[in-house]
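Report on the structure given below.
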Amino acid sequence: MEADSKPKKSGARLCCVCNQNRAALKRPKTLEQEEIHQVILENQLFKPGERIAIGASGGKDSTVLAYVLSELNRRHNYGLDLFLLSVDEGITGYRDDSLETVKRNELQYGLPLKIVSYKDLYGWTMDEIVKMIGLKNNCTFCGVFRRQALDRGAALLKVDKVATGHNADDIAETVLLNILRGDIASFNSEFINIRFSLWLMLGCQNLNKFSTYAYFKKLDYFSTECIYSPNAYRGFAREFIKDLERIRPRAILDIIKSGEDFRISTTTKMPEQGTCERCGYISSQKWCKACVLLEGLNRGLPKLGIGRNQGLNSDGKKDRKRDSRTPSIESKQCGSLEF
């Protein structure tokens, strides 16, 4: 044995990939490395020439996703046109700061950035909505508006797919929330595949610990929580799942698996997908949820679309006069949604 050789210290677990450096991350389920590039290839997630919008909030999850996709696209020559797509909800002291991070990411990764705002799309900011509705149901408005804003931003960019940086925790929370709300439509297998397929591959299987990855890569991200989220229903589901994870580390992945395998009785009546008569967006009712919520805001009745109130959708003769600051929902929502 050479004099300068030193025995490895016992007790220190080595990285299962390089077998040299000390392990920095322990995976709860497999304890093994999963290669994102291989998952993309095996599942044929992308095709050369496709335009992909990356939902970018400035947080660690979306920042890691933007970094990984831009790096893999360059390294393996996917031939993708990547864009950053951000939604400005109009939350002073939160979203304005996080968007500054996204603008830095635009320069760091060399990706074009498109920002769509609630004010331009709907005529309202979240600050204005919270002043009217309070802090109890504000997340309902924001969630509905943000999902539609991403779709409308994608339509403006004319992209083929939208990639979002949801991690395993996010997906497990959504599965649990759908159960608690009795939202069986969200467990339809086709619906789950459309909603979860892309970010399940990129998030759940490969980047469970976004914060750890961002830390070791020294990525530039924004880490402050939304100032309006403390009372969000999702927050209670998140705490419950975290308690389960402390007892059983596999709990999060098991919940996701349950959501994937969920089957609905053939006798259960499911809502039929159509389009909103007012703005052209996807809807199972005459009016989409965003239009119902906006009508309530513009009429000074913000709780009109909260919960299971079907007033506007069940009665086409309701008074539909609008607030002067929102002349028409159609003009504020980029017209008809076309892909």
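Everything quoted here is computed from the prediction, not taken from an experiment. Counting from 1, the numbers follow the sequence of the chain as shown.
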Charged N-O contact under 4.0 Å between D170 and R234: no

Taking the basic N atoms (NZ, or NE/NH1/NH2) and the acidic carboxylate oxygens, is any pair closer than 4.0 Å for D88 and K119? no

Polar side-chain atom of D96 near backbone of Y94 as donor-acceptor pair, under 3.5 Å: yes

State plainly whether the residues E277 and K286 are in salt-bridge range, i.e. N to O under 4.0 Å. no

Is E100 paired with K103 through a side-chain N to carboxylate O contact shorter than 4.0 Å? yes

Q108 and R104: side-chain donor and acceptor closer than 3.5 Å? no

Do K289 side-chain atoms and S283 backbone N/O form a donor-acceptor pair below 3.5 Å? no

Distance-only, no hydrogens or angles: does the N105 side chain make a donor-acceptor pair with backbone N or O of D220 under 3.5 Å? yes

Is E245 salt-bridged to R250, cutoff N-O under 4.0 Å? no

If only atom types and distance count, is the side chain of R51 paired as donor or acceptor with the main-chain N or O of K158 below 3.5 Å? yes

So, the side chain of N73 versus the backbone of L80: is there a donor-acceptor pair under 3.5 Å, distance only? yes

Co-membership, hydrophobic cluster, residues L135 and F145, 4.5 Å side-chain: yes

Sidechain N-carboxylate O distance under 4.0 Å for E71, R74: yes

Could you tell me if the side chain of I54 sits less than 4.5 Å from the side chain of S62, heavy atoms only? no

If we ignore hydrogens and angles and just use 3.5 Å, is the side chain of S98 paired with the main-chain N or O of S57 as donor and acceptor? yes

Would you say the side-chain atoms of D81 pair up with the backbone N or O of I52, donor to acceptor, closer than 3.5 Å? no

Test side-chain hydrogen bond (donor to acceptor under 3.5 Å, both in side chains) on Y281 and D151; report intermediate values, then the result. CA-CA 9 Å; Y281 190 71; D151 282 345; 2.5 Å; yes

Evaluate the ring planes of Y78 and H37, with Trp represented by its six-membered ring, and classify them as parallel (under 30°), tilted (30 to 60°) or perpendicular (over 60°). parallel

Under 3.5 Å, is there a donor on one side chain and an acceptor on the other for S117 and D120? yes

Any carboxylate oxygen within less than 4.0 angstrom of a Lys/Arg side-chain nitrogen, looking at R246 and D243? yes

